[in-house]
J.: 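For reference, the structure I am asking about is given below.
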2 protein chains.
Amino acid sequence: MATRSHAWSRDERLAVLRRCPLFAPWPEARLADLAAIARVEHYPRGTEIYAHEPERREAFVIASGEVEVSRGSAAGKKFVLGINGPCEILAIVRLLEAPPIHYDYRAYEDSVLLHLPTRDLTAILDADPILWRDIALLMCARHGDSLRLLNDHNLGSLDQRMAVTLADLARIHGIAGENGTELGLRLPQEQLGAMLGVTRQSVNKLLRGFEDAGLIAVDYNRITIRNPAALDLIAARQD
Amino acid sequence: MATRSHAWSRDERLAVLRRCPLFAPWPEARLADLAAIARVEHYPRGTEIYAHEPERREAFVIASGEVEVSRGSAAGKKFVLGINGPCEILAIVRLLEAPPIHYDYRAYEDSVLLHLPTRDLTAILDADPILWRDIALLMCARHGDSLRLLNDHNLGSLDQRMAVTLADLARIHGIAGENGTELGLRLPQEQLGAMLGVTRQSVNKLLRGFEDAGLIAVDYNRITIRNPAALDLIAARQD
DNA sequence: GCGGGTCTGTCATCCTGCCGACAATCTGCT
DNA sequence: AGCAGATTGTCGGCAGGATGACAGACCCGC
């Protein structure tokens, strides 16, 4: 599944960790410990990172690329929780002995990941327990994100949710690529539908409306944000 | 808003904290510290605990009673995240300087709460930082809960969601009250609708179906679980 | 036991998004 | 150039839930 293109040097792994907001403030010695336990893997676009492996106890950091977090149903439907960019740490919930939920991870673009076995990670944290504080605060933030999503699904209208999602994706993609005045997202409408919990047809109609309003441009496999400010305005609208 | 029925003794406050799964394993000295910062308040059924106070930086522990966590929209709709019973710690996300989301808290039954100002709480945690570990793991669990909810809303059918919700409420209520063979919940259909994100009419029709199937009994202001096993079966069904 | 507030049962109507289908278009590869 | 696969544009029919309305039942306090 994963192809190790080349073994990264310890310094390269350190550099990646230093760029992560979570790890950046940590003492050098701890970063070195992390670098020591990190396993580098390269995943080409579309590859599964781990799917259907509820047992696997590894968190990972995105060194480069984009990773889709999703969950399938027996009926063949798929719900995409989000697409994450560089410097994010994922699967952190697997710190728990029995993770309360299991997601599938897939490389949405060519990606390089640093795998951190939770066993080794907790050992490092226990050695310098104030670091648990950072983990706790990170989890608070994550929890807030999912609650916001839950609220949007229950209280917000569909066009609003789409505006929020597009703005989020633009922000993540802005980190991954260079940011010009206009931002093009490689994003099939079906994918967007899976994030919003609706069908591609519904997405298509909505996108059309947004395009007519001059907010975005819709092309094959591509959505370009033309007016981010107006998008944010819709996203923030109170119903 | 809150009426302090009587000032609880330090030992009474300690006893409450000791019953919480989160705090129970903590050293005596820390529990004493917590008891020292805890402010006891009593809220009659229906009272707002804090609503529309995004600035307030206090977590709280439910000593007794039940607390509804909800969020309103400008359109007058309300989404109820859940109803929590004794020994739960709520508003923990306010440990963050800038909480990412704000919920309203209301006493669903007569309740006694221990308020813990986050400023004092973090001081205690920082003094014995391994305790942050427990907070981090708690947040992982909470995060998992909200993710599960999010998934149910996106992938599951409505009857399934209702089965899950009823089972959850029964579990919480089983802690609050005594558990006979049959469990009656004081639960207006509108309330259930607010938890599921649907109208009371839709809930009514569904409840009727469940009642016909012998799963529950529906009375005025009351839903009685008759066949918990069958309910769990629906909840666990894979679509 | 009376009255106001709350909750339930039920209906007809509307609307949003789903489903299935099909043609057209684009991309990447040979 | 040509082909296979993926993506888009679009339609009509359909279903589930929203909405608004109204009557009736229930509870609690006076």
Side-chain angles (χ1 to χ4, degrees), chain A residues 44-47 68 73 75-80 106 108-110 152-163 165-166 184-212 216-224 239, chain B residues 44-47 68 73-80 106 108-110 152-163 165-166 169 184-212 216-224 239:
Chain A
R45 173 197 285 187
T47 318
E68 173 202 88
S73 81
K77 286 190 195 174
K78 182 169 90 164
F79 170 60
V80 175
R106 195 173 62 87
Y108 191 70
E109 298 290 356
D110 287 3
D152 289 347
H153 274 255
N154 277 289
L155 295 176
S157 58
L158 186 50
D159 59 343
Q160 209 168 3
R161 291 217 313 274
M162 192 165 88
T165 304
L166 286 176
L185 304 169
R186 182 183 74 82
L187 183 68
Q189 297 176 9
E190 180 119 43
Q191 183 78 15
L192 187 50
M195 303 186 73
L196 297 171
V198 298
T199 57
R200 106 191 145 71
Q201 288 96 326
S202 303
V203 169
N204 184 280
K205 189 187 291 187
L206 265 180
L207 284 175
R208 197 136 286 280
F210 276 28
E211 187 170 38
D212 290 347
I216 60 175
V218 179
D219 300 303
Y220 183 86
N221 226 337
R222 181 155 303 277
I223 295 173
T224 309
D239 285 321
Chain B
R45 174 196 284 189
T47 319
E68 173 201 87
S73 81
K77 287 190 195 174
K78 184 169 92 163
F79 170 62
V80 175
R106 195 172 62 89
Y108 191 70
E109 299 289 357
D110 287 4
D152 288 348
H153 274 256
N154 277 289
L155 295 176
S157 58
L158 186 50
D159 60 343
Q160 207 168 7
R161 293 214 314 273
M162 192 166 89
T165 304
L166 286 176
L169 286 172
L185 305 169
R186 183 183 74 83
L187 183 67
Q189 295 176 10
E190 181 118 41
Q191 183 77 14
L192 188 50
M195 303 188 72
L196 297 171
V198 299
T199 58
R200 114 193 136 70
Q201 289 93 329
S202 303
V203 168
N204 184 280
K205 188 187 292 187
L206 264 180
L207 284 176
R208 195 137 289 279
F210 276 29
E211 187 170 38
D212 290 347
I216 59 175
V218 180
D219 301 303
Y220 183 85
N221 226 339
R222 181 155 303 277
I223 295 174
T224 309
D239 285 323

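All figures in this text were calculated on a predicted structure; none of them were measured in a lab. In what follows, chains are A, B, ... by sequence order, proteins preceding strands, each numbered from 1.
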J.: Is there a side-chain polar atom (N or O) of A/Lys77 under 4.0 Å from OP1 or OP2 of C/dC18?
T.: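 Result: no.
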
J.: Which whole-number value in Å describes the distance from A/Arg200 CZ to C/dG17 P?
T.: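 For the pair A/Arg200 CZ and C/dG17 P, the rounded distance is 16 Å.
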
J.: Rounded to whole Å, how long is the line connecting atom CG of A/Asn221 with atom P of C/dG28?
T.: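 Checked: the CG to P distance equals 9 Å.
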
J.: Would you find more than 12 non-hydrogen atoms of other residues, nucleotides or ligands less than 6.0 Å from A/Glu190 atom CD?
T.: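 Check fails, neighbour count at 12 or below.
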
J.: Which part of the nucleic acid, if any, lies within reach of B/Arg208 when heavy atoms closer than 4.0 Å are counted: base, sugar-phosphate only, or nothing?
T.: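 B/Arg208: backbone/sugar contact only, no base atoms under 4.0 Å.
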
J.: Backbone N or O of B/Pro44 within a donor-acceptor pair of the B/Asp110 side chain at under 3.5 Å?
T.: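 Pair absent, no side-chain N/O of B/Asp110 close to backbone of B/Pro44.
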
J.: Provide, to the nearest angstrom, the distance between the CG atom belonging to B/Asp159 and the C1' atom belonging to D/dG17.
T.: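 Interatomic distance, CG of B/Asp159 to C1' of D/dG17: 14 Å.
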
J.: So, does B/Ser202 get its side chain near the phosphate of D/dA18, meaning an N or O under 4.0 Å from OP1 or OP2?
T.: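 Affirmative; the distance criterion is met.
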
J.: Between A/Thr199 and C/dC18, is there a contact of a side-chain N or O with OP1 or OP2 at under 4.0 Å?
T.: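 Result: yes.
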
J.: Taking OP1 and OP2 of D/dG9, is either one under 4.0 Å from a side-chain nitrogen or oxygen of A/Asn204?
T.: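 Yes, within the criterion.
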
J.: Suppose we call a contact any N or O donor and acceptor under 3.5 Å apart; does that hold for the side chain of A/Gln201 and the base of C/dG20?
T.: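 A donor-acceptor contact between them is present.
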
J.: Round to the nearest Å and state the distance from B/Leu158 atom CG to D/dA15 atom C1'.
T.: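 After rounding, the reported distance stands at 13 Å.
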
J.: So what does B/Gly193 touch, heavy atoms closer than 4.0 Å: a base, only the sugar-phosphate, or nothing?
T.: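 B/Gly193: no heavy atom of the nucleic acid under 4.0 Å.
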
J.: Rounded to whole angstrom units, what separation is found between the CG atom of B/Leu192 and the C1' atom of C/dT8?
T.: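 Rounding to the nearest Å, CG of B/Leu192 and C1' of C/dT8 are 14 Å apart.
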
J.: Tell me, do A/Val218 and A/Asn204 make a side-chain contact under 4.5 Å, heavy atoms counted?
T.: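 No. Closest side-chain heavy atoms not under 4.5 Å.
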
J.: Heavy atoms, side chains only, cut-off 4.5 Å: are B/Asn154 and A/Lys77 in contact?
T.: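 Contact flag for B/Asn154/A/Lys77 side chains = no.
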
J.: Look at the side-chain N and O atoms of A/Gln189 and state whether any lies under 4.0 Å from the OP1 or OP2 oxygen of D/dA6.
T.: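 Answer is no, no contact under 4.0 Å.
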
J.: With distance as the sole criterion, do the side chain of B/Tyr220 and the base of C/dT6 form a donor-acceptor contact below 3.5 Å?
T.: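 Side chain to base: pair found, below 3.5 Å.
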
J.: Would you say the side chain of A/Leu206 lies within less than 4.5 Å of the side chain of A/Leu196, judging by non-hydrogen atoms?
T.: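 No, too far: nothing below the 4.5 Å cut-off.
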
J.: Grab the NZ-P distance between A/Lys205 and C/dT16 for me, whole Å please.
T.: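 Whole-Å distance recorded here is 9 Å.
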
J.: Check the distance between C/dT8's P and B/Leu207's CG and give it to me in whole angstrom.
T.: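 Roughly 9 Å, once rounded to whole Å.
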
J.: Separation of B/Leu196 atom CG from D/dG16 atom P, in whole Å?
T.: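 Checked: the CG to P distance equals 17 Å.
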
